[in-house]
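Quick caveat: nothing in here was measured; it's all calculated off a predicted structure. Reminder, nothing fancy here: chain letters follow the sequence lines and each chain counts from 1.
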Protein chains: 2
Amino acid sequence: MTEQVAWELYRSFLGVLREGSLSGAARALGITQPTVGRHVVALEQALGVTLFTRSQTGLLPTETALAMRADAEAMANMAAALARSASDHGNGVSGVVRVSASEVIGVEVLPPVLARLREQYPALQIELVLSNRVQDLLQREADIAVRMLRPEQAQLLARRIGEIELGLHAHPVYLARHGVPQTVADLAAHAVIGYDQPTAFIRKLGKSVQAFDRDTFALRADSDLAQLALIRHGAGIGMCQVALGRRDGLQRVLPQAFSLQLETWITMHEDLRHSPRCRVTFDALAEGLMLHLAG
Amino acid sequence: MTEQVAWELYRSFLGVLREGSLSGAARALGITQPTVGRHVVALEQALGVTLFTRSQTGLLPTETALAMRADAEAMANMAAALARSASDHGNGVSGVVRVSASEVIGVEVLPPVLARLREQYPALQIELVLSNRVQDLLQREADIAVRMLRPEQAQLLARRIGEIELGLHAHPVYLARHGVPQTVADLAAHAVIGYDQPTAFIRKLGKSVQAFDRDTFALRADSDLAQLALIRHGAGIGMCQVALGRRDGLQRVLPQAFSLQLETWITMHEDLRHSPRCRVTFDALAEGLMLHLAG
DNA sequence: CATCGGCTATGCATTTTTGTATGACTGAAC
DNA sequence: GTTCAGTCATACAAAAATGCATAGCCGATG
């Protein structure tokens, strides 16, 4: 087995897979379409495999190509991580660190924390990746992640921040107009804001919060940010972080019936422990989140 | 942040890191020394970092370069995995699968299993990686691993094979000449074969097997294979798999005092579940190992 | 049905990368 | 001290990859 496949070819291959066409990949990669085309041909020859079925409206990836995608993405992640760790040379805190968090945390909680951190270390650059999908730190999609789950991998360095409490909230204006529900049954007469497609996380909670079911929602949104915005604008009653509700002057509703504790963890690959930029960011996130929880 | 670092540069960089010199890397990569040198220079410029301090006796990697090594290795693993999964296209079972196992398992147990498997699927190619270090399947150092530990990662598909029992053994000739020890104390008068540097695994067992300590060993070898060979040639008394001892006509000694159960698992990345070549190999390994355990 | 915007494929000139050959240096061995 | 095997750096020619321009094809749109 000849190991002589140029790595550039994989990069072009991934580009085509992502963009769906030679031209698109060329644009994304900053090279020209004929070059990308030649790369793909070269890769197919090197591997002895058909990767795409050509059509003039684009390229259709074969099964083989699809199966290779995950590894190609991982390879790209590694390349990016490599570039990041290279930016970490000086003794000082500098370079790029990539932080992953949920949308709500990333939009509502992290900005002030990161702003302060940047003020302290102006040479530090931060990439914020917001996604509710659990990022894979081992594959280096991010350097540091804020998660609601205790990490399981031994190679991960984790610190428990505490518990974020979720509860039902509404804007005072809404409650003034529609009344404050006193029992769970009262909710039926209210505009309840909830999810549309249940995520894995919601399914896991599942039955634990009864009477909070898709069919009962008057307003459905999969984006947690959208739900939060709806609550804030008095559209109805929905779940959000208690700390956020308090901060924004929202009123909590039925606190005894609806309360959810989310364990919060900050996680980092243990190899990065001795990287100043990661270490510093890790600590700043921990401190900032604890402050947020304290309210 | 320009993402325009050619991936080839990383490959040459890793080559230099591995080989310790431009010339060595060039040989390993099948290109010439000036090219590797230029690649390194290009990478240093692209990243704005000094990766090596030049000397005419070789290149000395900087801290930065060393910190980047792990990611570079991971990237290389991904490239290799990519090439392997490409070889998996046909409907039939073909292509390369990389199996990792301990030295003893790999030398003493797997060969017949793999031979039979290859007879059944001639288009299947197998790379056997023997190492007592726990291979990292998530980083794709291997497709399938035989391990003595229950895997912890959720992304790994694992099957428990059973328990491998270790016990003290000696060749009948040795025992005929030196007598069969009847008590643990008797061992002091015997040639006991053991480890030199305790591995993490041995340290973990630690005190569980008393009277089996480095200082008491007459023959020390870190290679399990060497220990096994010594036992087989009547050099003394040592630990080995009971199944192997039985197969080779070794006699077990002090079975009640020295018995160790090792859980055995076969592990695979879950993404590979639908890869015929991996699936088939996984099953063959499971079956073969169970047969081995049954004796 | 003609047009337009998207795509791929190909020929050709140019740029870039690579290899070859060589020189200069180091450290170990004799 | 000299030789030898190893290293890196550099100059120049050869090879290869790239970009440009263009042709051809498809599908949507008016």
C/dC25 P sits how many Å from B/Leu59 CG, rounded? 18 Å
Reading nucleotides 13-21 of chain D from 5' to 3' and marking B where a protein heavy atom lies under 4.0 Å of the base, S where only the sugar-phosphate is that close, and - otherwise, the string is -----BBBB
A/Arg54 CZ to C/dT10 C1': how many Å, rounded? 14 Å
Using side-chain heavy atoms (C-beta onward) and a distance below 4.5 Å, is A/Arg279 in contact with A/His274? no
Can you tell me how far CG of B/Asp271 sits from OG of B/Ser85, rounded to the nearest 0.5 angstrom? 10.0 Å
Check ion pair A/Arg18-A/Glu73 (N to O, under 4.0 angstrom): yes
If only atom types and distance count, is the side chain of A/Thr64 paired as donor or acceptor with the main-chain N or O of B/Ala86 below 3.5 Å? no
Between B/Ser223 (side chain) and B/Leu225 (backbone), is there a donor-acceptor pair under 3.5 Å? yes
Under-4.0 Å side-chain N/O to phosphate OP1/OP2 contact, B/Arg27 with D/dT7: yes
For the pair B/Arg277 and B/Glu127, find out whether any cationic side-chain nitrogen is under 4.0 Å from an anionic carboxylate oxygen. no
Mind running a 4.0 Å heavy-atom check of residues 17-24 of chain B against DNA chain C and sending the residues that fall below it, in number order? none
Do the side chains of B/Arg38 and B/Glu8 get close enough for a salt bridge, i.e. N-O under 4.0 angstrom? no
For atom CG of B/Leu9 and atom C1' of C/dT16, their distance in whole Å: 13 Å
Which residues share a side chain to side chain donor-acceptor pair (under 3.5 Å) with B/Arg232, sequence neighbours left out: B/Glu108, B/Asp248
